[in-house]
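Below you'll find the structure, written out as structure tokens, and then a few comments.
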Protein chains: 2
Amino acid sequence: MTIRYTHPASASGDKIILIIGAGFAGLNAAKVLANQPGVQVILIDKKNHHVFQPLLYQVATAALNPSDVAMTIRSQFTRSERVAVHWGIVTAVNLDEKYVTASDTSLALETHIEVHYDYLIVACGVQHSYFGHAEWEPFAPGLKTIEHATEIRRRYLAAFERAENIPDPAEREPYLTFVVVGGGPTGVELAGAMAEISKTVIVNDFRHIDPSQARVLLIEAGPRVLPAFAEELSKKAERDLCALGVEVLTSTRVDQVGPEGVSAGGRLIPSHCVVWAAGVEAAKLNLTPTPQRDRAGRILVGPSLSLPDYPNVFVVGDMAAVEASPGQVVPGVAPAAIQEGRSAARNIINLLGAKPVERFRYRDKGTMATIGKKRAVVESGKIKLAGVIAWFAWLVIHILFLVGFKNRIAVLLQWIWSYLFSKRGARLITDENWQTAGAAAKPGSQAK
Amino acid sequence: MTIRYTHPASASGDKIILIIGAGFAGLNAAKVLANQPGVQVILIDKKNHHVFQPLLYQVATAALNPSDVAMTIRSQFTRSERVAVHWGIVTAVNLDEKYVTASDTSLALETHIEVHYDYLIVACGVQHSYFGHAEWEPFAPGLKTIEHATEIRRRYLAAFERAENIPDPAEREPYLTFVVVGGGPTGVELAGAMAEISKTVIVNDFRHIDPSQARVLLIEAGPRVLPAFAEELSKKAERDLCALGVEVLTSTRVDQVGPEGVSAGGRLIPSHCVVWAAGVEAAKLNLTPTPQRDRAGRILVGPSLSLPDYPNVFVVGDMAAVEASPGQVVPGVAPAAIQEGRSAARNIINLLGAKPVERFRYRDKGTMATIGKKRAVVESGKIKLAGVIAWFAWLVIHILFLVGFKNRIAVLLQWIWSYLFSKRGARLITDENWQTAGAAAKPGSQAK
């Protein structure tokens, strides 16, 4: 069944701007358009919340609460009557007839809602890529959503609890071995935090095991961690990781991930907590006609971020393949997504005013990664920082970012508080199964 | 397979005190025993965290984070080397041979760990009772655990999101109808909070629905809400609920709960968010020989809280049927559980010192319930309060309680902060399914 959705404001003659995805790109596009006269914005996302991804690893390692790094999308537009937020999954996009079909996760999946648009912004982001081994996912979750983060937290904390219950030290070992696959910023930050917590926060909480003896391995296929950074910073990061006790295995390829652990470089590393931070690919989205995509699945766009032949359709954020300079694609980082989202929104305003569109220009703000709680590496243009100074720069930049993100100094103070003092706050292991009996219908099925 | 677990300290000749359950009763028993020379305490719980149940309804209604009302059990005993905390499920208790078998939720369920004890404290609490209709549970979760609270939060928030996606007002109605079954303190607090939030926090966040038009129904089988309170307070609570817009249906029996909603008093109330707060029964625990239980499944204990014929075994908290005065059973409330846990612990110390055991004496501190954010009813001895004064009393008492609970003024301030200012903080809808593909193995299965 298809319900044709008529936006209540379409009778007013306003133009409908549909945005798919409320990550950094889509959210910022909507904010630029929020108070624009003559437009109605419809923002669709498959979650009810926007995630501040750069701090997601802190949820995965129990330092912050999920709600510290996420906010409901609609709460950002309470006072923007021109923006309607919908929780739904876009199932198809018809570029020629200018409509999208979406389904509510709850309503029967055969019910599709049809939404027509005048302008479209596609900003669905990326998902993990297991290089053709989707069957590895259950054994090595990635870190893109709040659900991923709480699942990794659950496995990380549960591993220590389980080890405490096992009398035989040899049998314990796979529970006290943690493997992070992928040496980019996420992998480095996760491995560093995991090693640090086992040696500080929880070190005195167990009676039969010594959490500080837990092994954390970081596996990277390339010759060095943080390959996007200058070589000297990679070396410093690797040294800092080693100082925290992380075993860094570079030039090591993962051959297999399964219930027993990870096979890499010809040997099995037994582990019951493996995290995947090794690669991403653009989100799947059923567009007709099919646009051209690059090897990573990113959609090729023109210099103004619009689709070739569809000047009213923009693709932004990690999902777009945009050239920063000839042969150089804009990296998939938050500042780039924000800039692209804003540029696309401004271009729609230009088109509405019959003005020429602007060419997207990427302003590279640099890149950074923390290693544990007091060290980081920062690279911005010719500036290269490492150690405590870099960590302080990381902190200040993330605080400034969060101020804009949460829009409230109050929440910011709370965050600083929990980050600096309350590392113990979020150490809950919760189960996906809330039912006493356990056997009956799955939660959520009530709404079908 | 059974692993015989030998406590590392048992060689020392210390007495082993095993406590099952880390609710208010078990946790407080462990605290009394924590630094007692000559004993080793083993505390087993099926969760890794203790829950401050009186505030759980605030998690269910998105006012507080799970970690605001829960703390990891082992973090309470970091400096108590005599206390070992284990995350496990007790599968059987052999009273004559003085051992317990437990299994780790993660390890294969056929692996049982055998733990011998000298003294045993049983404190497993209660679970929801669906009066013989366990099949209602998927459609009407109760509120006893963090998982319950986040599931109710998910359904409550998702209902508004889904209603926003439905163009037809008649089809929307079941999504904007919330039913709470049971008019005790939990039911009253849940219904009041649900009604209040729909009229305040989220009221301006939607474009197609008016959240303030949502219906909240409270169904109670007896003639009045809060039956444990004085009749005048019941009336005041009912009036306060009505002022918040809650429809209170007393003397109304629920006949059926299903995917369509609730059948009560001969009519169907279509609803996709039903919460069960109607009754509890003692937790199941496989004890051999089987002790005597009352109608609610509570285990009958003697005046010193020990099992008849087993002076080394104590049953405390909601699971125990203890007489406060002839014919009057101690109610299942947190202060009673705390008092019982401490009394049992002191009696074990008495037994170890060859002193006579004390008779348990319940000091009734009274009872209270909030209605919305600014009203409450309080009854303590001859004192009866209602309205804003009662709410203030409720606030002070819960703050004092939390000081002892979290042990840190810092965390207390954070709680006051989020309670007073950040109602929007915890409005995340997260799914139990973290996998991208969705089809593969269930999370957690990796560890089996």
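Partners of Phe77(B) under the ring-ring contact (aromatic ring centres under 6.0 Å, His included) rule, at least two apart in sequence or in another chain, do not exist in this structure. Take Asn204(A) and apply the side-chain hydrogen bond (donor to acceptor under 3.5 Å, both in side chains) test, not counting sequence neighbours, and it matches no residue.
The distance from atom CD1 of Ile113(A) to atom CD1 of Ile166(B), rounded to the nearest 0.5 Å, is 8.0 Å. Taking CG of Asn48(A) as the reference point, atom CZ of Arg154(B) lies at 11.0 Å (rounded to 0.5 Å).
Using modelled atom types, one side-chain atom of Asn165(A) and one backbone atom of Trp87(B) make a donor-acceptor pair closer than 3.5 Å. Of the possible donor and acceptor atoms, none in the side chain of Arg207(A) sits under 3.5 Å from a partner among the backbone N and O of Val85(B). Looking at Arg74(A), its side chain does come within 3.5 Å of a backbone N or O of Asp205(B) through a donor-acceptor pair.
Chain B forms more heavy-atom pairs under 4.5 Å with one residue of Pro174(A), Ala159(A), Gly258(A), Ser80(A) than with any other, namely Ser80(A).
Looking at Val203(A), there are no atoms closer than 4.5 Å to chain B (heavy atoms on both sides), in backbone or side chain.
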